[in-house]
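Below, chain A is the first sequence line, B the second, and so on; all start at residue 1.
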Number of protein chains: 2
Amino acid sequence: MASENVEDYLKSIYTLQSKEGRVTTSSLSERLRVSAASVSEMIKKLADEGSVHHTPYKGVALTEEGKTRAIRIVRRHRLWEVFLVEVLKYEWDEIHEEAERLEHITSDKLEERLDAALGYPTKDPHGDVIPTREGKVVQFGQASLASLKVGEQCVVSRVSDSSPDVLKYASKLGITLRKKIHIREKLEFDGSLRVQVEGREHFISGKLAQHIFVEPVADEKRRRSKSFKRVRTISRGKSS
Amino acid sequence: MASENVEDYLKSIYTLQSKEGRVTTSSLSERLRVSAASVSEMIKKLADEGSVHHTPYKGVALTEEGKTRAIRIVRRHRLWEVFLVEVLKYEWDEIHEEAERLEHITSDKLEERLDAALGYPTKDPHGDVIPTREGKVVQFGQASLASLKVGEQCVVSRVSDSSPDVLKYASKLGITLRKKIHIREKLEFDGSLRVQVEGREHFISGKLAQHIFVEPVADEKRRRSKSFKRVRTISRGKSS
DNA sequence: TGATTGATTTAGGCTAGCCTAAATATAAGA
DNA sequence: TCTTATATTTAGGCTAGCCTAAATCAATCA
Ligand SMILES: [Mn+2]
Ligand SMILES: [Mn+2]
Ligand SMILES: [Mn+2]
Ligand SMILES: [Mn+2]
């Protein structure tokens, strides 16, 4: 396998690509906390070995092969996150850094055994989908809590894992996966919300709301599995 | 923490020191599969940072600090080995390389949680003692199977983990931890043995017998825990 | 004791990744 | 269109570890 550094570059390119579309030298520089010059060098290397397409001064995009490799690392990262929470009883805000290291030393066999021991999970502790071994990423349409209106109800399906502080604060408010949220009030000028979770009411900022993703509240009675899943399959080969 | 390379040097020095007493440049070179010149360089570095004492042209020995660090890595290695066998259902001959990588990315917290999740094991899957977090290594007096005489009985307490092939072969014969072995015949000129394990008889070479460590057969009825334990405590501060 | 030989160390080089400073290309504004 | 600001790339250097070849030490044997 590639070095830890190369793997983290690929993963970052993949994530930025999914989230922002364009991946620039400076976005990678910021994300990986490495100088732009170093990124530029690494990009050249990745392009040479066929993991990315590079248009100088324009940006970078994963090749098929690069994407496959990136998704594989994402899969390992998320499997380890499940392990840390389910088996080792970590909190969801404590797992990122550990998984960031574990993902690089995971052999195919280890990945397989871990997956099996965990019962073939499909989501990580933040609600992110775990890619299959074949590299398929099934993403459900999710709305951010910030997009809901007063009076609506929803269920938490994902919380952005980009900041441990956000995660810690969310769980302090009781906002964890599968919790039901009622929107009691919404201030349009700043997007902040008054919400009810498990009987308690909280004010949350628009900023925080953008990190919380939800699905329409399940129909209580039937179809607890197929509620409004506008399934979007991000498979290898299609750029997301 | 130190780099993976430094950690593996420390661990190898520790192991060689326990096993052979003297640790030379060439023994490290052989064990780590690195040129003698490279070892020489690294030794200088380790001596500079206070992890080893170095007498040029003579050899190297861990300082207190170096020994503490080495034992810590051994502890992590063996905890991961238990995890791989107990949780991920690996065979005992498949775990070394995985643990060799996992040991280096294990934070204090991860070590602690893993230990707890495994139920604070004291031995690894090969029968080696897992050092405590304080660095204490309790080693029981063990005899190699090669030292027994015809007619004697014993129980397998450890199998050298130095070769996956030995481990695989041993388990194929049914020679695994806690199995009872009867010595049926011994050829003095080459040390080979005819033994009985679980009702089956096997011939094993003297070479193989040297990799199998045993304790006198437990008294069946009482004292299943304190059978002839000439306990030897190898604590930090005492050279083993 | 003195020569020989094997082990060890030193010298000189290489690669992966990182950095800062300098050069250059692109895009936006006058 | 021309200038300027910003992003990107290139140049030149550094460190950790590795290597081979050359130099040096120490232990043994004649
Ligand atoms: Mn990582
Ligand atoms: Mn996650
Ligand atoms: Mn190792
Ligand atoms: Mn072991």
Taking the ring centre of each residue, are A/Tyr9 and A/Tyr14 less than 6.0 Å apart? no

Pairwise 5' ranking along DNA chain C for A/Val6 and B/Lys44, keeping only the more 5' one: B/Lys44

Nearest whole angstrom, please: distance from the [atom2] of [N] to the [atom1] of [X].
| X | N | atom1 | atom2 | answer |
| --- | --- | --- | --- | --- |
| B/His104 | D/dG17 | NE2 | C1' | 15 Å |
| A/Arg22 | D/dA7 | CZ | P | 11 Å |
| A/Leu28 | D/dA7 | CG | C1' | 13 Å |
| B/Asp8 | D/dC18 | CG | C1' | 15 Å |
| A/Glu49 | C/dG17 | CD | C1' | 14 Å |
| B/Leu32 | D/dC18 | CG | C1' | 12 Å |
| B/Asp48 | C/dT9 | CG | P | 13 Å |

Minimum heavy-atom separation for [X] to [Y], with atom names?
| X | Y | result |
| --- | --- | --- |
| B/Glu7 | B/Ala2 | OE2-O, 3.8 Å |
| B/Val87 | A/Ala117 | O-CB, 4.0 Å |
| A/Val138 | A/Val129 | O-CG2, 2.9 Å |
| B/Ala36 | B/Thr25 | O-CG2, 3.6 Å |

Hey, is A/Lys168 close enough to A/Glu91 for a salt bridge, meaning N to O under 4.0 Å? no

Can you see if the side chain of [X] gets near the phosphate of [N] - specifically, an N or O under 4.0 Å from OP1 or OP2?
| X | N | value |
| --- | --- | --- |
| B/Lys45 | D/dT15 | no |
| B/Thr24 | C/dA7 | no |
| B/Asn5 | D/dA16 | no |
| B/Tyr9 | D/dA16 | no |
| B/Thr25 | C/dT9 | yes |
| B/Ser38 | D/dC18 | no |
| B/Ser26 | C/dT8 | yes |
| A/His54 | D/dT9 | yes |
| A/Ser35 | C/dT20 | no |

Hey, which sits more toward the 5' end of DNA chain D by its nearest nucleotide, A/Val39 or B/Met42? A/Val39

Listed by chain and number, what are the salt bridge (charged side-chain N to carboxylate O under 4.0 Å, His left out) partners of A/Lys109, not counting sequence neighbours? B/Glu94

Kindly point out which of D/dG12, C/dT8, D/dC18 is positioned nearest to the side chain of B/Glu41? D/dC18

Of all the choices, C/dT10, D/dT9, D/dT10, which nucleotide is nearest to the side chain of B/Ala37 once you look at every atom? C/dT10

Please tabulate, one pair per line, each protein N/O and nucleotide N/O from nucleotides 22-28 of chain C that are separated by under 3.5 Å, including the distance.
{"from": "C/dA25", "atom 1": "O4'", "to": "A/Tyr57", "atom 2": "OH", "distance (Å)": "3.4"}

Can B/Ser35 and B/Ser38 be said to form a side-chain hydrogen bond (donor to acceptor under 3.5 Å, both in side chains), step by step? CA-CA 5 Å; B/Ser35 75; B/Ser38 299; 3.0 Å; yes

